[in-house]
Amino acid sequence: MLDRRFIRENPAAVQAAVRVKGIDLDVDELLGLDQASRELRREVDDANTRRRSFAKEFAQADEATRERLRAEHDEQDEHLQKVSAELAVVNERLQALLLLTPMIPWEGAPVGPDDSANVTIRTWGTKPVFDFEPKDHVELLESRGWAEFSRARKVAGERAYALTGDMVLLERALLSYALDHLIERGSTVISVPAMVREEPLIGTGQFPAHREETYAITADSLYLAGTAEVALVGLHAGEILDARALPIRYAGISPCFRREAGSAGRDVRGLLRVHQFEKVEQFVICAADDDESDRWHFELLGAAEHLLQGLGMHYEVVECATGDMGAGKYRMNDINTWFPSLGRFRETHSCSSLHDWQARRANVRYRDADGTVRFAYTLNNTAIATPRLLAALVENYQTAEQKVRVPEVLRPYLGGRAEL
RNA sequence: GGUGGAGUCGCCUAGUGGCCGAGGGCGCACGCCUCGAAAGCGUGUGAGGGGGCAACCUCUCCGUGGGUUCAAAUCCCACCUCCACCGCCA
């Protein structure tokens, strides 16, 4: 969400952002509503001023005068009611449009409608070379008895899965590896609610634009969050933080739920796109400073790369295009990890800077050293999302004997085992 | 699921219809005092919006949303959260 004043003063920049991000938003309507809202507000304010002085007068009047005043009041009150109602209508529509306003993207972001316009900015490592016919993760897991797919789908429908035996341990190892590394880098580990209210979903930006991607628990007016980010933003919603408390750095772990409504029929096989997964998410709330935000962006990205390098996984980092990054993002870098079975990279991480777009929605502020209250900046990045990364891992580390070699960094979490 | 209590400007608190357009204390900031500090004294100290070149004027917010009233922190209704107890329970 953008600042109303900013929109008023920079309509062309907002228009441009709407265009390159492919947002369905009528900026002219927004500007008109902003103007109308301010005019009506002025009228309501004036009416309230009169109402208040009227009450004073009434309190001091004698009974006869009061009778006369009551009649006057009805007229005034009617006007106030009418204007207030008009203002409420305008504000409701205005707020709905404001929630759709996009962050102005970084000027270096490739302009394009979707991820086809993303640009690879570096790659790390090399493709694994196999002297046998490698299996994809589904074949491998099934042949080793490491997963249940059709049985799980009997229980929970399409995209459901159950990990078995060593796969459970390997997944847990991946998560532990990520948590331990993020602690070392200075984050606070935190496990957060996966069931959340509507407010934090609006706060992060999932709602209203992506409502259909979220599971609703209607009986309790709760939703299943698609990422720990929702709770992490929500934790500090409405707060005015002390500048000395910043940056706040979290490593949040939670189950994540996604309806994948927009991807129906795609990647239905295996573990690539599932409705329920586990994720360690990096999240930062920092001061409203572009340079500082950039530093954290690369710190988060660096942490994710470090984890992948430790695992010895071949990956590429891409600069995401304006149409791919989402409304709230200032800048987004995805990391795509190599999947031998696909013969290509596939998104496993996403690092985003949102500047104050998210903090403004969630009302996360801080008091600067000079006493000024500002909206904070927020950033987030995947550390480990599994089972997608787990699938990549087993595909990359499979042997001719259908075993899986364990990367050095994970062995401490698996009782020192070098092979599964 | 049930019963009872509570939610006020960072923290604690006063406030049961108009004097609240919210008082006090703590904390914090600045000043005086001091060689320096502490103590003491003094001054200031919530957020958001609108108008004005400006000093300034003005509106909204006492958990949230409605309602009653000329007038609501205060009365009524619903909800949220916290605390205590009862029931159930991994």
Side-chain angles (χ1 to χ4, degrees), chain A residues 1-9 30-99 101 191-203 207 217-223 230-231 234-246 248 255 285 287-288 356 359-376:
Chain A
M1 188 162 76
L2 293 172
D3 181 20
R4 277 171 72 178
R5 186 166 310 169
F6 177 86
I7 299 167
R8 212 178 293 151
E9 291 168 359
L30 177 58
L31 290 167
L33 287 166
D34 173 60
Q35 168 106 19
S37 169
R38 282 184 299 145
E39 282 165 10
L40 287 167
R41 164 56 61 190
R42 220 169 305 154
E43 273 195 65
V44 171
D45 285 358
D46 289 346
N48 270 323
T49 309
R50 286 196 296 275
R51 185 179 63 90
R52 296 178 77 140
S53 63
F54 182 89
K56 280 251 157 73
E57 199 187 334
F58 188 94
Q60 284 151 13
D62 57 41
E63 223 12 85
T65 323
R66 285 186 178 186
E67 276 312 308
R68 185 173 54 74
L69 287 175
R70 255 186 259 271
E72 264 180 55
H73 169 265
D74 287 347
E75 217 172 292
Q76 285 189 8
D77 195 50
E78 204 177 305
H79 176 69
L80 178 58
Q81 295 296 328
K82 179 172 157 281
V83 182
S84 295
E86 282 175 38
L87 178 62
V89 170
V90 167
N91 277 348
E92 197 183 333
R93 177 67 183 155
L94 175 63
Q95 185 60 22
L97 294 193
L98 281 172
L99 287 176
T101 54
S191 70
V192 296
M195 291 194 289
V196 298
R197 292 202 168 130
E198 186 176 38
E199 294 92 287
L201 285 159
I202 293 170
F207 283 13
I217 303 168
T218 50
D220 296 290
S221 300
L222 289 170
Y223 299 85
V230 177
L235 286 178
H236 295 287
E239 294 188 5
I240 298 178
L241 301 158
D242 190 322
R244 287 169 294 193
L246 300 179
I248 294 174
I285 301 173
D356 61 0
R360 195 178 291 281
R361 288 171 158 257
N363 200 20
V364 179
R365 295 173 292 175
Y366 70 100
R367 198 181 306 277
D368 222 340
D370 66 5
T372 313
V373 174
R374 299 176 201 282
F375 287 106

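Lettering follows sequence order; numbering is per chain, from 1. All heavy atoms count here, side chains included; hydrogens, waters and symmetry mates do not. These numbers come from a predicted model, not from an experiment.
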Is the shortest side-chain heavy-atom distance between A/Val230 and A/Val192 below 4.5 Å? no

Pair partner, B/rC20 [Watson-Crick or wobble, under 3.5 Å]: none

Residues in side chain to side chain donor-acceptor pair (under 3.5 Å) contact with A/Asp34, at least two apart in sequence or another chain: A/Arg4, A/Arg8

Run the side chain to side chain donor-acceptor pair (under 3.5 Å) test against A/Arg93 and tell me which residues pass, sequence neighbours left out. A/Glu29

Does a side-chain N-to-carboxylate-O contact under 4.0 Å join A/Asp3 and A/Arg5? no

Positions of residues 82-95 of chain A (non-hydrogen atom under 4.0 Å from RNA chain B), listed by number: none

Which residues pass the side chain to side chain donor-acceptor pair (under 3.5 Å) test with A/Thr372, sequence neighbours left out? A/Asp370

Distance between the P atoms of B/rA73 and B/rG67, in whole angstroms? 15 Å

Salt bridge (charged side-chain N to carboxylate O under 4.0 Å, His left out) partners of residues 82-92 of chain A, not counting sequence neighbours, each pair once: A/Lys82-A/Glu86

Would you tabulate the pairs of protein nitrogen or oxygen atoms and nucleotide nitrogen or oxygen atoms of nucleotides 47-49 of chain B closer than 3.5 angstrom?
| residue | atom | partner | partner atom | Å |
| --- | --- | --- | --- | --- |
| B/rA47 | OP1 | A/Arg367 | NH1 | 3.2 |
| B/rA47 | O3' | A/Arg365 | NH1 | 3.1 |
| B/rA47 | O2' | A/Arg365 | NH1 | 3.0 |
| B/rG49 | N2 | A/Asp45 | OD2 | 2.6 |

When rounded to the nearest Å, what value does the distance between P atoms of B/rG7 and B/rU74 take? 12 Å

Pairwise P distance, B/rG42 and B/rG50 [rounded to whole Å]: 39 Å

Under a 3.5 Å cut-off for both distances, is B/rC26 Watson-Crick or wobble paired, and to whom? B/rG10

Across all strands, who's sitting opposite B/rA54 as a Watson-Crick or G-U wobble pair, both distances under 3.5 Å? none

Are the aromatic rings of A/Phe375 and A/Tyr366 close, with centres under 6.0 Å apart? no

Not counting sequence neighbours, which residues clear salt bridge (charged side-chain N to carboxylate O under 4.0 Å, His left out) with A/Glu239? List them please. none

Write down the distance separating the C1' atoms in B/rU60 and B/rA72, rounded off to the nearest Å. 15 Å

Using purine N1 to pyrimidine N3 plus N6-O4 or O6-N4 for Watson-Crick, or N1-O2 and O6-N3 for G-U wobble, each under 3.5 Å, what pairs with B/rG31? B/rC41

Can you tabulate the close N/O pairs, meaning under 3.5 Å, that link protein atoms to atoms of nucleotides 81-83 of chain B?
| residue | atom | partner | partner atom | Å |
| --- | --- | --- | --- | --- |
| B/rU81 | OP1 | A/Arg197 | NH2 | 2.8 |

Non-hydrogen side-chain atoms of A/Tyr223 and A/Glu198 separated by less than 4.5 Å: yes

If a pair satisfies ring-ring contact (aromatic ring centres under 6.0 Å, His included) and one of its residues is in residues 58-90 of chain A, list it, with sequence neighbours excluded. A/Phe54-A/His73

Give each protein N/O atom lying under 3.5 Å from an N/O atom of nucleotides 6-9 of chain B, with the pair distance.
none

Are A/Arg50 and A/Asp46 within salt-bridge range, i.e. N to O under 4.0 Å? no

Report yes or no: do A/Arg361 and A/Asn363 form a side-chain donor-acceptor pair below 3.5 Å? no

Work out how far the P atom of B/rC77 is from that of B/rU3, and round it to whole angstrom. 15 Å

What interatomic distance, in whole Å, is found between P of B/rC12 and the corresponding atom of B/rG63? 13 Å

What residues, two or more places apart in sequence or in another chain, satisfy side chain to side chain contact (heavy atoms under 4.5 Å, CB included) together with A/Ala59? none

Encode nucleotides 70-77 of chain B as B, S and - characters from 5' to 3', where the letter depends on protein heavy atoms closer than 4.0 Å: B to the base, S only to sugar-phosphate, - to neither. BS------

Please give the distance between the C1' atoms of B/rG2 and B/rC89 as a whole number of Å. 16 Å

Mind checking the P distance from B/rG21 to B/rA78? Whole angstroms is fine. 28 Å

Hunt down the Watson-Crick or G-U wobble partner of B/rC79, both distances under 3.5 Å, from any strand shown, or write none. B/rG63

Taking only the side-chain nitrogens and oxygens of A/Asn48, find out if one of them lies under 4.0 Å from OP1 or OP2 of B/rU58. no

